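The next block holds one structure in the form of structure tokens; read it before the comments.
Letters go in sequence order (proteins before strands), and every chain restarts at 1. Small disclaimer: the values here were computed from a predicted structure and weren't measured. Every heavy atom of this structure was used, including side-chain atoms; hydrogens, water molecules and symmetry mates were not.
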Protein chains: 2
Amino acid sequence: MTTPRTPTILDVAREAGVSRQTVTRALNDMADIAPATRERVVAAAQLLGYRPNRAAQSLVKGSGTTIGLLVESLRNPYYAELASELSRAAAARGWGLILCDVGYGTDRDARLSPLLRRVDALVGCLPAGATADVGVPFVSIDNPDETVGDATVWIDHEAGVRAALAHLVATGRRSIAMIDSGPEPSTRCLAYRAFLAEAGLPWSEQSEVRVEESHDGGIAAAAQLLGRGIALDAVLAFNDVLAIGAMKEMARAGKRVPEDVAVVGMDGLDVGALVTPELTTAATDRGVIAAAALDLVDALLTGDRPRASRERDTGGPHGAAAPGAEAGGRPRRTVEPYLVARGSA
Amino acid sequence: MTTPRTPTILDVAREAGVSRQTVTRALNDMADIAPATRERVVAAAQLLGYRPNRAAQSLVKGSGTTIGLLVESLRNPYYAELASELSRAAAARGWGLILCDVGYGTDRDARLSPLLRRVDALVGCLPAGATADVGVPFVSIDNPDETVGDATVWIDHEAGVRAALAHLVATGRRSIAMIDSGPEPSTRCLAYRAFLAEAGLPWSEQSEVRVEESHDGGIAAAAQLLGRGIALDAVLAFNDVLAIGAMKEMARAGKRVPEDVAVVGMDGLDVGALVTPELTTAATDRGVIAAAALDLVDALLTGDRPRASRERDTGGPHGAAAPGAEAGGRPRRTVEPYLVARGSA
DNA sequence: TTGAAAGCGATACCAG
DNA sequence: CTGGTATCGCTTTCAA
């Protein structure tokens with residue numbers, strides 16, 4: 001009974017009959033060590049099941065940057081694609097990315113707390129109510145509430161809506177409905193109204209449906225719109241998931257897409273290409289979003305606080321990353337949607 | 001010029017005119033501290049932009065468990081759903097989950113190395129070639145190569161295939177093709193052959209297609225099958241993504257699903273419910289997979305090495321987690337697929 | 001080629 | 001209520 005607890009480098013040293021520095025040399029493939037010694041040390045480490053303590057290593061070497069990603073759910077393909085890009089972008093910088101699928105439940109705090117103790121900054125969407133100061137720099141992505149976060153990746157949905165509607169008009173549609181999400185008219189919805197007004201296209205309260213942001217919501221929305229008996233030759237949806245739900249319901253109801261009704265979504269998700277017909281959409285490049293988000297994190301981390309004195313990130317240089325900040329306010333980067341025309345409109 | 005580097009607790013102590021222990025008390029909301037003192041310390045910390053060093057905290061408190069998740073790509077909905085469940089399961093135990101989207105590229109090692117320095121164990125699918133000893137306990141999930149990893153979550157695809165084929169036969173199908181993936185016949189494919197043989201159903205080399213594991217692969221597969229001019233009233237696909245691709249191509253080719261050809265996938269992805277008709281599939285519960293994987297990690301971490309002596313995980317007890325190990329070999333947990341019958345078959 | 005000593009930054013246990 | 005002191009486990013000089 002010599003080592004009832006987790007073996008440390010000292011245990012290995014003792015076992016191998018060397019000093020702890022020699023153990024470090026052996027285990028980290030450093031130079032200036034006799035092969036025989038190295039072998040002996042490696043064997044001892046193996047025997048004891050030694051594994052270096054990460055915290056101790058980090059303490060002395062600099063821990064490198066680790067950020068947390070907050071998403072509602074990775075089952076939502078929008079977040080999955082975003083997470084994919086962020087993971088790659090983070091890896092490219094040598095950063096770690098801790099995933100937190102906060103879910104739609106009420107136990108957000110429980111999900112969050114284990115995260116906060118582990119990250120240098122947070123990226124993503126913070127729960128509506130939780131304007132709470134999380135304690136670490138927070139970069140919000142496409143948050144409807146502009147006041148949230150220390151920096152923001154802003155998506156110009158107005159531009160996206162205009163591109164989508166311009167496409168519909170150009171292809172001869174005039175009675176364009178909108179499937180919106182959330183209790184209040186969204187930015188996208190307001191842009192939709194503005195566009196119709198400018199273009200002299202018909203609008204009434206009947207032109208809009210407001211549903212939950214999900215596939216089922218899309219189904220419900222289409223059912224409502226079709227049931228209203230209004231003129232309808234095109235639908236703009238708040239996002240692709242809703243659009244796909246709407247298409248599904250239209251198919252069920254015997255409406256042909258795009259012959260009878262054109263459908264346009266927003267996001268540009270992969271899944272839009274899996275359905276038949278393929279979805280026309282105002283896409284945003286999530287690679288760009290991810291890069292922008294990490295640039296903002298970087299700015300927050302290096303600028304805000306004089307941090308990272310001894311950190312040795314492995315990812316090589318990434319430039320000063322023009323913060324794209326606004327003079328007095330919170331740093332912000334803008335991303336522009338672009339139209340991807342496919343079969344549905 | 002007093003503090004050109006990152007401020008430490010000592011700087012705060014000096015600034016506030018107290019000892020460092022008092023700073024700790026103030027900043028961690030501990031008892032036994034005068035409100036006035038606390039305020040002064042908090043103000044000092046604020047002023048200096050102090051943020052505690054995580055590594056140092058971890059060193060003394062015990063770092064808690066952090067595991068890494070390896071996936072080919074989160075844009076593959078299978079991995080996205082798996083990651084979602086693993087994230088939740090990890091959070092429930094108070095563990096951190098670092099995401100690594102290794103991608104299909106060749107720079108896997110570059111993607112991996114930043115990860116390995118941060119995790120206690122790895123979960124997921126390791127690149128085919130990289131049987132490399134990653135240096136940390138590794139739990140492989142549904143890996144076709146059984147020799148990979150220190151423990152395995154095993155999915156009984158044979159049972160899934162039988163369930164799927166039994167359903168097809170029960171609904172009157174007799175000419176059943178298979179869309180397989182990978183260079184060699186998969187386990188699923190072998191089970192398919194065996195089932196056909198047992199059931200006395202026709203089979204020929206023409207009954208099988210082997211394609212890349214992607215939506216486009218599914219499209220190509222269906223095109224090939226339809227082009228062969230063989231009898232065909234049902235198709236079993238290696239997974240849902242392939243199945244959806246196949247359905248898409250069939251629709252394009254004017255084949256009705258399921259009237260002309262029934263289609264069955266495997267996995268039970270959400271996306272299977274978005275397409276029309278909805279996909280019938282041999283589903284696996286990814287919540288179960290995630291739980292099994294974390295149980296195995298736990299077993300590896302606590303059993304294999306006498307680790308985690310002082311770790312204070314926040315997630316409460318999770319039982320000894322019956323390892324479900326095999327006597328002499330690597331621990332293994334098995335998950336059974338079950339049939340979800342929907343519109344496509 | 002190897003060993004001794006000095007931190008890294010924070011918490012915890014005891015005194016006062 | 002507040003302050004000393006001893007770790008925590010490892011890497012990094014600097015000598016030998």
Quiz item: With distance as the sole criterion, do the side chain of B:R25 and the base of D:dG3 form a donor-acceptor contact below 3.5 Å?
Solution: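 Side chain to base: pair found, below 3.5 Å.
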Quiz item: Within the structure shown, what part of the strands sits under 4.0 Å from B:V18 by heavy-atom distance: base, sugar-phosphate, or nothing?
Solution: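 Contact class for B:V18: sugar-phosphate only.
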Quiz item: If you look at every strand shown and take non-hydrogen atoms under 4.0 Å, does A:T22 touch a base, only sugar-phosphate, or nothing?
Solution: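 Answer is sugar-phosphate: A:T22 comes under 4.0 Å of backbone atoms only.
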Quiz item: Do B:R25 and B:T37 have side chains that get closer than 4.5 Å, going by heavy atoms?
Solution: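 B:R25 does not reach B:T37 side chain to side chain.
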In whole Å, what is the span from the [atom1] atom of [X] to the [atom2] atom of [N]?
| X | N | atom1 | atom2 | answer |
| --- | --- | --- | --- | --- |
| B:R54 | C:dT11 | CZ | C1' | 17 Å |
| B:D32 | C:dT11 | CG | P | 16 Å |
| B:L10 | D:dT5 | CG | P | 14 Å |
| A:K61 | D:dG9 | NZ | P | 18 Å |
| B:R40 | D:dC1 | CZ | P | 14 Å |
| B:I9 | D:dT2 | CD1 | C1' | 14 Å |
| B:R14 | D:dG3 | CZ | P | 14 Å |
| B:L27 | C:dT11 | CG | C1' | 13 Å |

Practice problem: Find which nucleotide of DNA chain D each of B:A56 and B:I33 is nearest to by heavy atoms, and output the residue with the more 5' nucleotide. | Solution: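 Its nearest nucleotide being more 5', the pick is B:I33.
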Less than 4.0 angstrom between a side-chain N/O of [X] and OP1 or OP2 of [N], yes or no?
| X | N | answer |
| --- | --- | --- |
| A:Q57 | D:dT11 | yes |
| B:N28 | C:dT11 | yes |
| A:S19 | C:dA4 | no |
| B:S58 | D:dC8 | no |

Self-check item: N/O donor-acceptor pair under 3.5 Å between A:S73 side chain and A:R75 backbone
Solution: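 Indeed, once roles are kept as given, a pair shorter than 3.5 Å links the two residues.
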Quiz item: So, the side chain of A:S87 versus the backbone of B:D101: is there a donor-acceptor pair under 3.5 Å, distance only?
Solution: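 Yes, A:S87 side chain to B:D101 backbone: donor-acceptor pair under 3.5 Å.
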Quiz item: Pick the nucleotide of DNA chain C nearest each of A:Q21 and A:T37; which residue has the one closer to the 5' end?
Solution: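 Nearest-nucleotide comparison on DNA chain C picks A:T37.
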Quiz item: DNA chain C: A:R20 or A:R38, which has the more 5' nearest nucleotide?
Solution: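 Counting from the 5' end, the first nearest nucleotide belongs to A:R38.
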Exercise. For residues B:L294 and B:A90, report the shortest heavy-atom separation together with the two atoms involved.
Key: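 Reported closest heavy-atom pair: CD1-N, 3.4 Å.
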Exercise. Check the side chains of B:R118 and A:T66 for a donor-acceptor pair under 3.5 angstrom, ignoring hydrogens and angles.
Key: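 Indeed, the side chains of A:T66 and B:R118 share at least one donor-acceptor pair under 3.5 Å.
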